[in-house]
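Throughout, protein chains are lettered first and strands after them, A, B, ... in sequence-line order, and every chain is numbered starting at 1.
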Amino acid sequence: MSQQSARATVRVFANPGSWIESDALVQCDQVAALDGMIRVAGMPDLHPGKGAPIGAAMLSSVLYPFLVGSDIGCGIAVFPIRIKRPNLERIAGRFPDLDRALTPDAPEWPDDIPAGHTDSLATVGRGNHFVELARIDSVLQPTGLAKGDLVLIVHSGSRGLGESILRAHTEVHGAGPAADPGAYLRAHDDAVRWGSLNRRLMAARVGRALGAEVGAPVVDECHNLVEVRDGLYLHRKGAARGDSREVLVAGTRGTPSYLVAAHAGAEANWSVAHGAGRKMSRSDALRRGKAKHTVAELRRTKVGSLVVCGDRQLLFEEAPTAYKRIEQVIGDLEAHGLATPVAVTVPLVTYKTRGQR
DNA sequence: ATGTAC
């Protein structure tokens with residue numbers, strides 16, 4: 001039935017010294033064997049995901065919804081924010097409740113909500129998602145930001161909307177291709193717009209709660225989506241658009257993040273990493289973290305930042321030591337000519353969740 | 001990563 005064709009290429013853009021979990025490489029090979037697959041590019045933050053690798057851009061003539069996963073539209077946005085004399089304790093205490101959905105009486109309530117999906121609007125979600133007040137620690141290359149400027153970094157996606165889109169497909173077709181790519185893409189595009197709106201609404205909520213002026217985003221890059229390029233489908237799963245633009249590559253809740261000028265070409269599927277990448281599974285991070293860290297040191301980090309996280313389990317799962325070193329990921333991007341560092345941000349206050357769960 | 005069930 002399936003015709004014989006040249007197998008897709010797999011290339012991982014990491015230096016030999018950068019450890020990549022072997023399960024993630026196996027997943028890349030499995031993806032490469034899919035019908036229609038042309039080129040799999042693993043980013044230096046590559047790690048195993050649920051059925052498909054995270055930190056990968058996968059170019060194919062066939063559209064596979066499972067390669068993007070449930071959080072369609074997830075991305076990272078950076079907003080300039082002005083606060084006169086930031087008091088971290090006070091800011092942490094005044095952060096809005098981003099676990100609770102926006103209500104229509106809020107001043108931020110938008111006129112146009114993609115897919116009419118109002119559930120969980122302007123909420124951050126869980127997992128690796130966060131909203132962070134950060135300071136520009138150094139500027140390495142001319143850009144619109146200056147040393148000392150404050151920014152709000154928002155990493156979040158489409159919450160239940162993307163999940164429902166993937167589920168609708170999976171219930172009928174499992175890990176198979178989209179039977180009607182156009183229909184999938186129309187729903188998908190709504191989720192991508194919803195994710196971007198979600199990040200803007202959260203920034204606005206934080207600005208209002210802190211009495212701070214929030215500017216238009218200087219970066220807003222989605223790293224989970226399907227991009228149609230020359231009639232082919234480029235599946236991004238934790239891989240940001242990397243062709244001639246600035247992207248924020250997130251560190252961890254307690255280490256710096258990097259704004260980079262991305263200039264990735266076809267061989268890297270026009271992509272760059274989206275973050276530090278997990279070094280261990282959530283269960284390992286919880287087990288090892290409990291032996292290694294106290295809750296107090298995870299809530300007040302080595303760089304002096306505060307982490308608002310009422311959920312102790314999530315705090316351990318998201319510990320900086322559960323992730324690769326961001327400097328190594330950035331070094332790998334540089335070494336392969338995919339990106340050049342532009343500015344370094346250091347966290348001041350990171351919001352994860354108020355709740356206990 | 002998610003909403004929901006356990």
Side-chain angles (χ1 to χ4, degrees), chain A residues 23-24 27 43 45-56 58 64-77 97-102 114-132 153-171 174-175 184 187-188 190-199 202 221-226 235-240 250 252-253 273-286 309-311 313-319 322-323 350-357:
Chain A
D23 287 358
Q27 287 183 334
M43 297 295 114
D45 57 341
L46 184 73
H47 58 283
K50 193 178 167 184
I54 302 172
M58 300 155 278
Y64 295 98
F66 88 99
L67 292 182
V68 171
S70 63
D71 199 5
I72 304 162
C74 186
I76 298 180
D97 185 348
L98 299 176
D99 303 312
R100 186 167 296 192
L102 200 68
H117 186 81
T118 57
D119 290 357
S120 304
L121 190 63
T123 62
V124 64
R126 301 184 76 87
N128 60 354
H129 292 173
F130 64 87
V131 176
E132 179 173 285
I153 303 170
V154 181
H155 178 189
S156 186
S158 62
R159 311 290 282 108
L161 179 58
E163 197 273 338
S164 69
I165 293 165
L166 178 66
R167 182 157 34 82
H169 168 84
T170 306
E171 277 171 358
Y184 169 82
H188 156 285
D190 277 341
V192 170
R193 282 198 301 275
W194 202 98
S196 182
L197 173 65
N198 199 36
R199 294 186 283 277
M202 277 187 274
E221 280 309 318
C222 175
H223 49 238
N224 288 357
L225 86 167
V226 180
H235 307 76
R236 299 182 175 283
K237 177 64 175 168
T252 71
R253 287 357 86 216
H274 77 313
R278 293 200 75 83
K279 191 168 68 181
M280 60 183 87
S281 68
R282 291 188 173 276
S283 52
D284 282 351
L286 183 61
C309 185
D311 182 337
Q313 178 172 328
L314 184 60
L315 203 52
F316 286 112
E317 288 175 0
E318 290 289 312
Y323 284 84
T350 306
Y351 181 99
K352 292 291 290 178
T353 177
R354 285 256 176 249
Q356 206 69 67
R357 187 164 167 114

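As a whole-Å value, the separation of A:I72 CD1 from B:dT2 P is 12 Å. Residue A:I165 contributes atom CD1, which lies 15 Å from atom C1' of B:dG3 at whole-angstrom precision. Nucleotide B:dA1 holds its P atom 8 Å from the NZ atom of A:K352, rounded to whole Å. Atom P of nucleotide B:dT2 and atom CG of A:N198 are separated by 10 Å, given to the nearest angstrom. Residue A:H129 contributes atom NE2, which lies 15 Å from atom C1' of B:dG3 at whole-angstrom precision. In this structure, NE2 of A:H155 is placed 14 Å from C1' of B:dT2, rounded to the nearest angstrom. Nucleotide B:dT2 holds its P atom 13 Å from the CG atom of A:D311, rounded to whole Å. As a whole-Å value, the separation of A:L121 CG from B:dT2 C1' is 16 Å.
Distances shorter than 4.0 Å separate none of the side-chain N or O atoms of A:R167 from OP1 or OP2 on B:dT2. Residue A:R126 places none of its side-chain N or O atoms closer than 4.0 Å to OP1 or OP2 of B:dG3. Of the side-chain N and O atoms in A:S120, one or more sit less than 4.0 angstrom from OP1 or OP2 of B:dG3.
Side chain to side chain, A:T350 and A:E132 meet the donor-acceptor criterion of an N or O pair below 3.5 Å. Side-chain atoms of A:T123 and A:D99 include no donor-acceptor pair closer than 3.5 Å.
Between A:R167 and A:E163 there is a salt bridge, with a side-chain nitrogen of the basic residue lying less than 4.0 Å from a carboxylate oxygen of the acidic one. The pair A:E318-A:R126 does not count as a salt bridge, with every side-chain nitrogen at least 4.0 angstrom from each carboxylate oxygen.
As judged by a 4.0 angstrom heavy-atom cut-off over every strand, A:N224 is placed among residues making no nucleic acid contact.
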